[in-house]
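The structure under discussion appears below in the form of structure tokens.
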Amino acid sequence: MQDSALSFQELQVFHTYDLLILLRLVREERSKSYNLMRTVQKAPEGAEIDKSVIEFGESEYRLYTARMKLIEGLLVDRMGYKPKRVDDKLLAALKQRIESN
């Protein structure tokens, strides 16, 4: 997941196919962070949860959200839209287009 921490300029040189894969990974991590955050929020009242755990979950979620939006912005510039889902079908279609050129 180190690639998701790259700067805008560094991400700009990535191939569109690679950006889509990275977007899929970032979205997965964002979902995990969100689910963790919700689990902690739904903990029983008597449960003692360290404040640093809560803050970590929230900061991870914000980080992945920002990275996701950055990558989506690059994809909008290149593709004209941001894909709702990055699934194997989309990746296979793009790969076939790349190979046919």
Atom [atom1] in [X], atom [atom2] in [Y]: separation rounded to 0.5 Å?
X     : Y     : atom1 : atom2 : answer
Ser33 : Arg62 : OG    : CZ    : 11.0 Å
Phe14 : Leu74 : CZ    : CG    : 10.5 Å
Met68 : Glu28 : CE    : CD    : 13.0 Å
Glu29 : Glu60 : CD    : CD    : 8.5 Å

With Tyr64 as reference, evaluate Lys32, Arg30, Arg27, Lys69 under the side chain to side chain contact (heavy atoms under 4.5 Å, CB included) test and give the passing residue.
->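 Answer to the side chain to side chain contact (heavy atoms under 4.5 Å, CB included) test with Tyr64 among Lys32, Arg30, Arg27, Lys69: Arg30.
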With Ile71 as reference, evaluate Val76, Leu25, Leu6, Leu23 under the side chain to side chain contact (heavy atoms under 4.5 Å, CB included) test and give the passing residue.
->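 That would be Leu23.
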What pairs meet the side-chain hydrogen bond (donor to acceptor under 3.5 Å, both in side chains) rule with one or both residues in residues 11-20, with sequence neighbours excluded?
->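 Residue pairs passing side-chain hydrogen bond (donor to acceptor under 3.5 Å, both in side chains), neighbours aside: Thr16-Arg78.
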Identify the heavy atoms of Val86 and Leu20 that sit nearest to each other, and give their distance.
-> CG1-O, 3.4 Å
Search all heavy atoms of Leu90 against all heavy atoms of Asp87 and return the closest pair with its distance.
->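 It is N-OD1, 3.0 Å.
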Under 4.5 Å between side-chain heavy atoms, counting indirect links through other Ile/Leu/Val/Met/Phe/Trp/Tyr residues: same cluster for [X] and [Y] or not?
X     : Y     : result
Leu19 : Ile21 : yes
Leu70 : Leu63 : no
Val26 : Phe56 : no

Carboxylate-amine/guanidinium contact Arg24 Asp88, below 4.0 Å | yes
Determine, for Glu72 against Arg67, whether the closest basic-nitrogen to carboxylate-oxygen distance falls under 4.0 angstrom.
-> no
Any side-chain donor-acceptor pair under 3.5 Å between Glu10 and Ser7?
-> yes
Any ring-ring contact (aromatic ring centres under 6.0 Å, His included) pairs touching residues 19-52, not counting sequence neighbours?
->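 Applying ring-ring contact (aromatic ring centres under 6.0 Å, His included) to every pair that reaches into residues 19-52, excluding sequence neighbours, yields Tyr34-Tyr61.
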